[in-house]
S.K.: 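If you scroll down you'll find the structure; I have some questions about it.
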Amino acid sequence: MSEWQPIGTAPMDGSWILLAGGSISYGWDGDGVPDAVTGQYAECLNGRKTKGRWQFAWYDGGYYGEYENPTHWMPLPEAQ
């Protein structure tokens, strides 16, 4: 599978995937919002227990930001 899929079919088991179509509620210091992010569905966000949220990885891997209402997902590409 290498095309964008509806978010309702995304794995919610903590797998890292590409997410698109959502918005960043916090955790982004860039000038613009990226078209896609590497993210996962998680029940723990930066050490806080949550009811489950989509989060995206920061460039340094130290913390994660929240990615709200993504509409599409796809698997990460294979490493070359």
Side-chain angles (χ1 to χ4, degrees):
M1 179 182 354
S2 61
E3 295 187 17
W4 291 105
Q5 303 293 317
I7 197 64
T9 64
M12 298 179 82
D13 60 1
S15 301
W16 289 97
I17 58 177
L18 292 176
L19 296 168
S23 61
I24 295 173
S25 64
Y26 83 88
W28 182 253
D29 294 331
D31 292 331
V33 177
D35 293 330
V37 297
T38 300
Q40 68 176 172
Y41 191 81
E43 294 184 4
C44 185
L45 180 65
N46 296 324
R48 292 186 338 247
K49 189 81 171 155
T50 71
K51 293 181 181 179
R53 298 178 189 265
W54 290 103
Q55 64 181 12
F56 69 95
W58 282 11
Y59 65 92
D60 64 0
Y63 289 93
Y64 305 102
E66 291 185 45
Y67 195 69
E68 295 183 345
N69 304 313
T71 59
H72 292 82
W73 78 280
M74 77 167 53
L76 291 174
E78 293 289 323
Q80 299 283 332

S.K.: Should the heavy atoms of other residues, nucleotides or ligands under 6.0 Å from CG of D13 be counted, would the total exceed 12?
M.R.: yes
S.K.: Does some side-chain heavy atom of K49 sit less than 4.5 Å from a side-chain heavy atom of E43?
M.R.: yes
S.K.: Carefully, step by step, assess I7 and W54 under the rule side chain to side chain contact (heavy atoms under 4.5 Å, CB included).
M.R.: CA-CA 11 Å; I7 197 64; W54 290 103; 3.9 Å; yes
S.K.: Of the non-hydrogen atoms in A57 and W16, which two are nearest, and what is the gap between them?
M.R.: CB-CZ3, 3.9 Å
S.K.: Quick one: are I24 and Y67 in side-chain contact, heavy atoms under 4.5 Å?
M.R.: yes
S.K.: For W4 versus A36, what's the shortest heavy-atom pair and its separation?
M.R.: CH2-CB, 4.0 Å
S.K.: Quick one, L18 and L76 - any side-chain contact, counting heavy atoms below 4.5 Å?
M.R.: yes
S.K.: Please round to the nearest 0.5 Å and tell me the distance separating atom NE2 of H72 and atom OG1 of T9.
M.R.: 9.0 Å
S.K.: State, with a plain yes or no, whether a side-chain heavy atom of T38 is found less than 4.5 Å away from one of I17.
M.R.: no
S.K.: Kindly give the heavy-atom pair with the smallest separation between Y41 and P11, and that separation in Å.
M.R.: CB-O, 4.5 Å
S.K.: For residues L19 and G39, report the shortest heavy-atom separation together with the two atoms involved.
M.R.: CD1-CA, 3.9 Å
